[in-house]
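Right, one structure below, let's go through it.
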Amino acid sequence: MSQRMQQGQPMIVMSEDSQRVKDKDAQDYNISAARAVAEAVRSTLGPKGMDKMLVDSMGSVTITNDGVTILQEMDIDNPTAEMIIEVAETQEDEAGDGTTTAVAIAGELLKNAEDLLEQEIHPTAIIKGFHMASEQARDEIDDIAQDVDTEDEELLRSVAETSMTGKGTEVNKEHLSQLIIDAVKQVTVEDDEGNNVVDLEFLNIETQTGRSAGESDLLEGGIVDKDPVHDNMPTEATDADILLLNEAIEVEETDVDTEVSVTDPDQLQKFLDREEKQLREKVDTIADLGADVVFCQKGIDDLAQHYLAKEGILAVRRAKKSDLEFLSEVVGASVVSDLESATEDDLGFGDVTRDDADELFYVEGEDAHGVTLLLRGSTEHVVDELERGVNDALDVVAQTVSDGRVLAGGGAIEVELASRLRDYADSVSGREQLAVEAFADSLELVPRVLAENAGLDSIDTLVDLRSAHDDGDVEAGLNVFTGDVEDTFEAGVVEPAHAKEQAVTSAAEAANLVLKIDDIISAGDLSTDKGGDEEGGAPGAPGGAGGMGGMGGGMGGMM
């Protein structure tokens with residue numbers, strides 16, 4: 001061993017299948033992967049953004065321009081790329097909207113960081129500068145943001161419409177935004193300190209195809225998309241006692257498989273009579289409780305259906321668990337798992353009506369905290385994209401009601417932040433100053449991409465925006481429909497401040513996490529999908545299929 005070391009031969013400590021990418025190659029590898037993800041969603045940004053068609057391995061088609069949906073559906077198996085996808089997922093969880101913005105800024109930060117690395121600036125200095133810029137940007141956002149009256153419906157409508165614009169809801173956005181505002185108000189409560197708390201868990205969204213989005217509706221209660229189990233049952237019940245049952249109204253089966261030899265027809269009849277008696281007893285128990293309506297999560301035997309109909313009880317079987325849990329809030333009932341131990345206190349109270357045209361039951365309770373937003377669309381693809389857009393709008397309106405701060409949209413906040421960060425950079429010493437300036441340049445990606453996606457000249461647009469902000473117009477943004485620079489806040493393009501803060505913070509943290517890596521060691525190929533292609537480039541080849549970790553078939557198609 002000592003002789004080998006004296007000859008200068010390296011000691012092999014890793015397996016033959018392992019890969020290792022170091023130093024400059026590792027940085028190039030990571031930055032290339034992250035930028036590829038950002039490039040994939042940039043064209044979807046803004047009201048004029050384009051959609052992506054995503055086809056999974058089973059042939060299911062998704063058409064959307066929602067950033068987090070695109071990234072989750074794409075077949076990405078690169079470890080660095082998945083770190084960037086986490087930015088979108090975090091943004092979706094924390095703010096509800098702005099996922100494309102967060103990912104695009106993260107990609108631009110890494111692109112500008114690459115230029116700094118070429119200038120021999122150490123990653124540590126870049127990371128520190130980005131962190132300082134991120135903290136300063138959050139302070140500036142708070143300074144620029146306007147406090148709003150959460151009872152101002154006009155402003156909330158602008159927030160909702162801004163979020164939905166470009167997501168297939170333009171034609172009916174006024175109607176939908178009003179439904180969203182009404183829904184958020186229904187589920188808003190005050191905490192002990194007097195702050196507004198929006199509990200979206202009490203808001204249920206149901207979809208239905210075959211009708212226009214303009215026919216979407218908000219119901220103070222829940223919806224059950226089922227039919228009565230028997231034709232002779234009533235279809236409506238006013239001031240009804242409602243039982244929510246998580247137990248089958250069927251003959252109880254034994255826990256073990258058994259065989260019974262029957263030698264006498266009377267013995268068989270006794271078995272049948274016993275089963276009938278069990279079902280009769282279950283129905284009698286329900287009737288004795290005083291239930292007028294039964295929503296059962298499991299099955300109901302045909303004979304039990306007959307007995308329930310004779311008792312005049314409306315029954316529905318195979319209701320979804322989520323529907324039962326939501327109805328428990330609407331009518332104030334408990335979900336019963338053991339019918340024998342049920343009491344009258346477990347029953348809820350409300351009205352049940354039937355919409356024969358849509359084949360739905362509407363369940364409304366007294367002072368119900370839960371509401372249902374029924375979204376309608378012409379086809380499955382239309383209504384799915386409508387639901388994604390409405391979900392984002394619900395989140396941003398809820399954030400606005402809870403946080404109470406808003407900003408001008410249309411790229412106005414990004415240009416103003418960039419200007420202020422450049423002023424801040426003058427007070428930063430050392431090489432971190434260059435990183436702060438690079439951060440400012442990265443933020444201006446948003447108005448540039450908005451202009452590009454609208455078919456406008458991005459350079460001219462950015463020059464006009466900078467000029468307006470230099471003249472003190474903090475709310476000057478881009479009107480993508482006319483190409484003019486105007487006060488976007490007055491024009492009704494309004495975004496929640498919290499979403500912008502989260503986007504800037506998430507993008508900076510993700511970029512710093514990628515920049516801090518200088519060595520990648522993989523036990524096998526650098527793909528996270530070990531069941532994928534066997535082919536791969538040589539270790540340490542960032543430009544090859546193996547070096548890029550095989551961005552996945554879906555990524556290749558998207559790019």
Side-chain angles (χ1 to χ4, degrees), residues 178-180 182-189 199-208 211 215-247 249 283 285-298 300 304-305 307-336 339 342-376:
Q178 188 60 53
L179 294 181
I180 288 167
D182 293 341
V184 169
K185 284 189 172 183
Q186 288 277 9
V187 296
T188 300
V189 295
D199 195 346
L200 291 179
E201 289 185 3
F202 295 105
L203 174 60
N204 195 26
I205 296 180
E206 295 287 342
T207 59
Q208 195 176 59
R211 294 171 61 180
E215 297 179 66
S216 299
D217 202 5
L218 179 68
L219 306 168
E220 294 185 9
I223 292 177
V224 180
D225 187 7
K226 294 289 181 180
D227 296 317
V229 293
H230 198 282
D231 292 339
N232 294 332
M233 286 180 173
T235 57
E236 297 189 354
T238 304
D239 296 334
D241 290 309
I242 301 171
L243 174 64
L244 306 179
L245 187 61
N246 183 20
E247 178 186 349
I249 309 177
V283 173
T285 301
I286 293 171
D288 291 342
L289 285 172
D292 303 307
V293 180
V294 178
F295 291 106
C296 183
Q297 185 180 334
K298 298 182 179 177
I300 301 178
Q305 296 173 19
Y307 288 143
L308 287 166
K310 285 184 66 176
E311 294 286 348
I313 297 173
L314 168 59
V316 170
R317 65 177 172 180
R318 306 295 180 193
K320 291 185 291 187
K321 180 181 180 182
S322 58
D323 284 347
L324 288 191
E325 291 173 347
F326 186 72
L327 288 179
S328 70
E329 301 293 342
V330 171
V331 299
S334 301
V335 179
V336 175
L339 191 57
T343 65
E344 291 183 9
D345 294 336
D346 293 322
L347 300 179
F349 186 77
D351 297 333
V352 179
T353 55
R354 177 73 175 168
D355 187 333
D356 290 321
D358 294 333
E359 298 182 342
L360 300 170
F361 281 109
Y362 299 145
V363 184
E364 298 178 283
E366 288 187 338
D367 301 322
H369 187 45
V371 294
T372 297
L373 192 55
L374 179 59
L375 299 177
R376 294 186 168 102

For a side chain to side chain contact (heavy atoms under 4.5 Å, CB included) check, start with the C-alpha distance between Val371 and Phe202, then their side-chain angles and the critical distance, and finish with the verdict. CA-CA 7 Å; Val371 294; Phe202 295 105; over 6 Å; no
Side-chain H-bond candidate by donor/acceptor type, Asp182 with Gln186, under 3.5 Å: no
Is there a side-chain contact between Leu314 and Glu236 (heavy atoms, below 4.5 Å)? no
Nearest heavy-atom pair of Ile223 and Glu206: which atoms, and what distance? CB-CG, 4.3 Å
Do Leu327 and Val335 come within less than 4.5 Å of each other through their side chains, counting heavy atoms only? no
Atom CD of residue position Glu215 - does it have more than 12 heavy atoms of other residues, nucleotides or ligands inside 6.0 Å? yes
Check the surroundings of atom CG in Asp288: do more than 12 heavy atoms from other residues, nucleotides or ligands lie under 6.0 Å from it? yes
Donor-acceptor pair, distance only, cut-off 3.5 Å: does the side chain of Asp292 make one with the backbone of Asp241? yes
Identify the two heavy atoms, one from Gly348 and one from Ala333, that lie closest to each other, and give their separation to 0.1 Å. N-CB, 3.4 Å
If you look at every heavy atom in Gly312 and Pro234, which pair is closest and at what distance? O-CG, 3.5 Å
CZ (Arg317) and SG (Cys296) are apart, to the nearest 0.5 Å, by 9.5 Å
Heavy atoms only: give me the nearest Ala342-Val336 pair and the separation to one decimal. CB-CG1, 3.8 Å
For Thr235 and Pro228, which heavy atoms make the closest approach, and how far apart are they? CG2-CG, 4.2 Å
Mind checking the CD-CD1 spacing from Gln305 to Ile249? Nearest 0.5 Å is all I need. 9.0 Å
How many angstroms lie between CG in Leu347 and CD1 in Ile286, if you round to the nearest 0.5 Å? 10.5 Å
Go through it in stages, so that I can follow the logic: the residues are Asn232 and Lys310, the test is side chain to side chain contact (heavy atoms under 4.5 Å, CB included), and I'd like the CA-CA distance, side-chain angles, deciding distance and then a yes or no. CA-CA 8 Å; Asn232 294 332; Lys310 285 184 66 176; over 6 Å; no
Just by distance, do the side chain of Ser328 and the backbone of Ser334 share a donor-acceptor pair under 3.5 Å? no
Under 4.5 Å between any side-chain heavy atoms of Leu360 and Gln208, yes or no? yes
Ionic contact status for Arg354 with Asp227, cut-off 4.0 Å: yes
Applying side chain to side chain contact (heavy atoms under 4.5 Å, CB included), run through Ile242 and Val363 and close with a yes or a no. CA-CA 10 Å; Ile242 301 171; Val363 184; 4.1 Å; yes
Test log, rule side chain to side chain contact (heavy atoms under 4.5 Å, CB included), inputs Leu289 and Asp346: CA-CA 9 Å; Leu289 285 172; Asp346 293 322; over 6 Å; no
Could you check if a side-chain atom of Tyr362 sits within less than 4.5 angstrom of a side-chain atom of Leu374, using non-hydrogen atoms only? yes
Heavy-atom closest contact (His230 atom, Ala309 atom, distance): ND1-CB, 3.7 Å
Taking side-chain contact (heavy atoms from CB on, under 4.5 Å) as the criterion, tell me which of Val316, Leu243, Val331 meets it with Phe295. Val316
Within the structure provided, determine whether Thr353 and Asp355 are in side-chain contact (heavy-atom separation under 4.5 Å). no
Tell me whether Thr372 contacts the main-chain N or O of Gly221 through its side chain, where contact means a donor paired with an acceptor under 3.5 Å. yes
Can you tell me how far apart CG (Asn246) and CD (Gln297) are? Round to the nearest 0.5 Å. 4.0 Å
